[in-house]
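Below is one structure, written out as structure tokens; comments come after it.
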Amino acid sequence: MNLPEKYKKPYESKDVESIIYEKEMNSGLFNPDMLVQKFPNKYAESATWTSITPPPNANGRLHAGHALDVTLKDIIGRFKRMQGFQVLLLPGSDHAGFETQVVYEKKLEKEGRSRFGMDREQLYKEIYDFTIANKDTVTSEIKRIGASYDWSRDTFTLDEKIVSGVKNTFIKMHEDRLIYRGKRDCNWCSKHQTSLSDVETEKKEVVTTFYTFKLGDFNIATSRPETKITDKYVVVHPTDARFAKYNHGDTFEAEWVLGISTFTVIKDDSIDPEFGTGAMTITPWHSGIDFQIAKKHGLDMVQLIDDYGKFTDLAGELKGLKATTLGREKVVEILTEKGLLVGKDEKYKTIVPVCYKCETPIEPQLKDQWFVKMESLAETALQASQDGKLNFISDQYRKTYEHWMKNPIDWNISRQIVWGIQIPAWFKNKGIDSEEFYIGNAKPEGDDWIQETDTFDTWFSSGQWPVATLGFTDSEDFKRFYPTQLMETGRDLIFKWIPRMVIFGLYLAREVPFKDIYLHGMVLDPKGQKMSKSKGNVMSPIDLADEFGMDALRMALVVGSAPGNDLSLTNEKVRAYKKFVNKLWNIARFVLENTNEEDDSVIDFENVHVKNFKKIKYEITKNIENYQLHLASDEMYHYVWHEFADTVIEEFKKDMIPENKKVLRYLFKQILIIAHPFIPFVTEEIWSDFEVKNLLLVEDWE
RNA sequence: GCGCGAUUAGCUCAGUUGGUAGAGCAACUCAUUUACACUGAGAAGGUCGGGGGUUCAAGUCCCUCAUCGCGCACCA
């Protein structure tokens with residue numbers, strides 16, 4: 001028995017992990033082409049099995065959620081590869097437009113600089129260098145988790161071919177009349193100076209004062225007095241008897257913020273007579289619903305609040321005041337002095353949309369922006385779900401998905417930031433406010449065209465990810481790997497990402513981009529709270545792996561966490577699986593000490609322990625195939641520890657006859673196989689002491 | 001306001017077509033150098049949030065209530 005020296009002490013993950021990963025990666029077998037080339041018997045005729053990995057933002061370090069994400073995908077990928085599929089786990093990174101720019105702006109702020117006033121090219125270059133540097137960090141951290149990704153196909157959203165493909169999609173959509181440019185209300189963040197899509201805003205409950213002011217014969221209730229300065233329409237419900245003396249279009253004069261103004265009465269059934277006073281004035285430029293009413297009746301719209309949240313010239317002497325703070329106070333003061341304040345409720349609860357990054361309240365603004373018409377696209381995406389083409393691993397998310405598809409809101413895809421893919425549009429003469437534009441990759445003939453400065457919403461490019469990373473619809477990879485099998489990502493992306501990918505997949509390739517959708521929960525801290533830098537409760541997967549080993553962390557993330565449910569991560573849990581990994585190590589020592597290669601011969605498959613194992617293996621196989629990894633990992637754990645170690649070994653120990661040695665060796669090698677997807681490092685390391693021919697990575701999972 | 005999820009052992013959570021409750025951690029007793037103390041053996045711990053219903057049988061299906069969490073929603 002030449003027991004290798006390393007087994008004389010407990011398992012040391014840090015001595016092993018990077019070496020094993022290098023060994024596996026350098027084998028080339030993460031690449032499905034190499035699987036076919038090196039093991040034609042096993043792979044040449046087999047089906048492909050593909051999962052596109054979510055592009056982690058190339059703007060920071062990995063967090064525990066990423067570790068879960070990578071672990072789940074890698075477990076299934078390794079399992080499928082062992083089973084004999086041509087597995088492609090396709091990595092990529094996202095430039096994460098707005099996200100990254102926000103991070104970079106914070107960095108600039110710390111350095112006492114600002115993006116505003118910076119040269120466009122200079123800013124872009126700085127963020128580019130910053131992102132590339134971070135991308136390398138992120139990639140190396142993903143590798144530490146053990147991700148068996150095909151790095152030869154690694155893709156970045158700003159790679160030349162992705163950029164041109166994304167632009168072509170936009171051009172094609174424009175030709176198909178799915179793109180329009182228009183002055184429409186949009187979500188404006190006055191801090192970041194850009195518009196945002198609906199999914200980039202969050203709702204926040206605030207307690208504020210709800211004022212009622214007298215306006216002529218009407219009482220007007222509002223929580224935003226500052227927007228009322230330039231209002232000149234009073235809207236009531238057509239059948240509201242209280243206002244019967246006024247007809248639609250009647251005018252009257254009344255004292256208001258800036259003196260006596262003329263008001264017009266508008267009757268519209270979108271008004272709820274029960275709410276407030278049943279009458280309201282509208283501010284079309286700064287409110288979505290008011291905009292709809294104004295548009296419907298062809299009313300005037302004016303900009304009272306500028307892009308920085310301050311009053312424009314229209315506010316007269318109040319010009320330049322911050323609207324939501326000093327401006328509001330001033331307006332209330334003026335109306336109160338005039339005796340027009342008739343009531344106020346200081347405990348009024350309301351929901352305001354805020355920027356999801358900085359929590360600055362969104363100030364709706366009318367802006368010329370690029371929009372995608374969502375109705376027909378959403379309809380096909382809804383149909384796909386209803387036809388059962390999408391398999392949500394936890395079905396609760398199907399409802400959410402379908403709800404979103406049933407209520408599509410046109411998608412604002414233009415961002416006023418430099419970090420991203422510049423929209424391929426050109427304006428004539430007057431600059432970017434020009435009505436006349438051309439869409440195409442090249443500048444049109446003539447000198448007087450200037451290019452649009454806005455960039456695409458980052459989800460416009462990452463939404464095309466399954467198609468784009470495979471090289472778009474004409475490429476060989478696309479034909480070979482599309483549609484993919486599994487989309488596994490965080491449940492928080494059910495709106496931002498999943499629907500876009502389905503829509504683009506159907507639009508560009510006429511087929512859903514993936515069949516199974518596995519949405520994992522969020523990784524929470526030991527108290528069950530969301531991890532965040534500001535709370536200081538972030539648990540780094542790398543730090544945890546340094547302390548307990550990556551195999552232990554992988555187990556801790558998987559065991560007992562059902563698909564779609566959040567899990568809270570504790571050091572104790574990771575430590576428990578470190579013990580498990582070490583247990584396996586000790587079992588290996590025992591097997592190596594008591595058996596040798598000569599025992600690798602035919603065994604009696606009627607042996608009670610072998611039959612029992614078959615049963616367990618069948619269960620584990622079934623559970624992985626159904627994405628029930630939390631069950632499969634638990635079964636594996638219990639088999640190894642409480643069946644194999646506690647029962648089989650204890651029994652054989654008493655009577656180490658040749659037949660038992662054979663069974664022992666056989667079962668242990670089988671254990672390495674079933675454990676490998678979950679704990680690849682330690683199993684691969686032990687495997688090399690049993691079987692030097694091939695990596696465990698491609699061993700048969702029968 | 002609408003929707004979704006959760007409520008199971010002290011803590012964190014499993015429990016996939018309904019069939020007499022499971023794991024890890026913690027705590028308790030014993031074993032004292034065993035392949036492994038990063039160990040082994042054993043015991044303890046739950047009226048599965050409350051109430052009602054369907055069923056031979058309910059943690060599991062239905063109704064209802066409560067508490068917590070999350071998402072969606074342009075009520076001025």
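Naming: A, B, ... by sequence-line order, numbering from 1 per chain.
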Between [options], spot the one nearest the side chain of [X], thanks.
{"X": "E650(A)", "options": "G24(B), A76(B), C36(B)", "value": "C36(B)"}
{"X": "H630(A)", "options": "C74(B), C25(B), A14(B)", "value": "A14(B)"}
{"X": "A562(A)", "options": "C25(B), C38(B), G15(B)", "value": "G15(B)"}

Query raised in the report: So does E619(A) pair up with K622(A), basic N to acidic O under 4.0 Å?
Result: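 K622(A) and E619(A): salt-bridged.
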Query raised in the report: Do you know which of V663(A), V648(A), L667(A) makes side-chain contact (heavy atoms from CB on, under 4.5 Å) with F613(A)?
Result: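 Checked V663(A), V648(A), L667(A) against F613(A); only one passes side-chain contact (heavy atoms from CB on, under 4.5 Å): L667(A).
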Return the value, rounded to whole Å, for the distance between atom [atom1] of [X] and atom [atom2] of [N].
{"X": "E547(A)", "N": "C38(B)", "atom1": "CD", "atom2": "P", "answer": "15 Å"}
{"X": "F644(A)", "N": "A35(B)", "atom1": "CZ", "atom2": "P", "answer": "14 Å"}
{"X": "K296(A)", "N": "C74(B)", "atom1": "NZ", "atom2": "P", "answer": "17 Å"}
{"X": "F210(A)", "N": "C75(B)", "atom1": "CZ", "atom2": "P", "answer": "12 Å"}
{"X": "K573(A)", "N": "C13(B)", "atom1": "NZ", "atom2": "P", "answer": "9 Å"}
{"X": "Y637(A)", "N": "C38(B)", "atom1": "OH", "atom2": "C1'", "answer": "11 Å"}
{"X": "L631(A)", "N": "U17(B)", "atom1": "CG", "atom2": "P", "answer": "11 Å"}
{"X": "L557(A)", "N": "C13(B)", "atom1": "CG", "atom2": "P", "answer": "14 Å"}

Considering every strand shown, what is the Watson-Crick or G-U wobble mate of [N] when both distances are under 3.5 Å?
{"N": "A41(B)", "result": "U29(B)"}
{"N": "U7(B)", "result": "A66(B)"}
{"N": "U20(B)", "result": "none"}
{"N": "U54(B)", "result": "none"}

Query raised in the report: Would E200(A) and N187(A) count as having a side-chain donor-acceptor pair, cut-off 3.5 Å?
Result: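 Result is no, nothing qualifies.
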Query raised in the report: Would you say the side chains of S385(A) and E402(A) form a donor-acceptor pair under 3.5 Å?
Result: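 Their side chains do contain a donor-acceptor pair, which is all the 3.5 Å distance test asks for.
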Query raised in the report: Considering heavy-atom distances to RNA chain B, does E274(A) or D646(A) have its closest nucleotide positioned more toward the 5' end?
Result: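 Residue closer to the 5' terminus by nearest nucleotide: D646(A).
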Query raised in the report: K622(A) or I649(A): which one's nearest nucleotide on RNA chain B is closer to the 5' end?
Result: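 It is K622(A) whose nearest nucleotide is closer to the 5' end.
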How far, in whole Å, is [M] from [N] if one measures between their [atom1] atoms?
{"N": "A9(B)", "M": "C4(B)", "atom1": "C1'", "result": "28 Å"}
{"N": "C61(B)", "M": "A43(B)", "atom1": "P", "result": "33 Å"}
{"N": "C36(B)", "M": "A31(B)", "atom1": "C1'", "result": "15 Å"}
{"N": "A21(B)", "M": "U39(B)", "atom1": "P", "result": "30 Å"}
{"N": "U60(B)", "M": "A6(B)", "atom1": "P", "result": "12 Å"}
{"N": "U20(B)", "M": "G46(B)", "atom1": "C1'", "result": "15 Å"}
{"N": "C13(B)", "M": "U54(B)", "atom1": "P", "result": "35 Å"}
{"N": "G22(B)", "M": "U67(B)", "atom1": "P", "result": "33 Å"}

Requested in this report: For the pair H520(A) (side chain) and R491(A) (backbone), establish whether a donor and an acceptor sit closer than 3.5 Å, ignoring hydrogens and angles.
Outcome: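 A pair under 3.5 Å: no.
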Could you tell me whether [X] contacts a base, only the sugar-phosphate backbone, or nothing, with contacts defined as non-hydrogen atoms closer than 4.0 Å?
{"X": "I351(A)", "answer": "base"}
{"X": "K228(A)", "answer": "sugar-phosphate"}
{"X": "S568(A)", "answer": "sugar-phosphate"}

Query raised in the report: Would you say the ring centroid of F371(A) lies under 6.0 angstrom from that of Y180(A)?
Result: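 Yes - the distance between ring centres of F371(A) and Y180(A) falls below the 6.0 Å cut-off.
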Requested in this report: With Y577(A) as reference, evaluate F678(A), W641(A), F548(A), Y637(A) under the ring-ring contact (aromatic ring centres under 6.0 Å, His included) test and give the passing residue.
Outcome: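 The residue from F678(A), W641(A), F548(A), Y637(A) that satisfies ring-ring contact (aromatic ring centres under 6.0 Å, His included) with Y577(A) turns out to be Y637(A).
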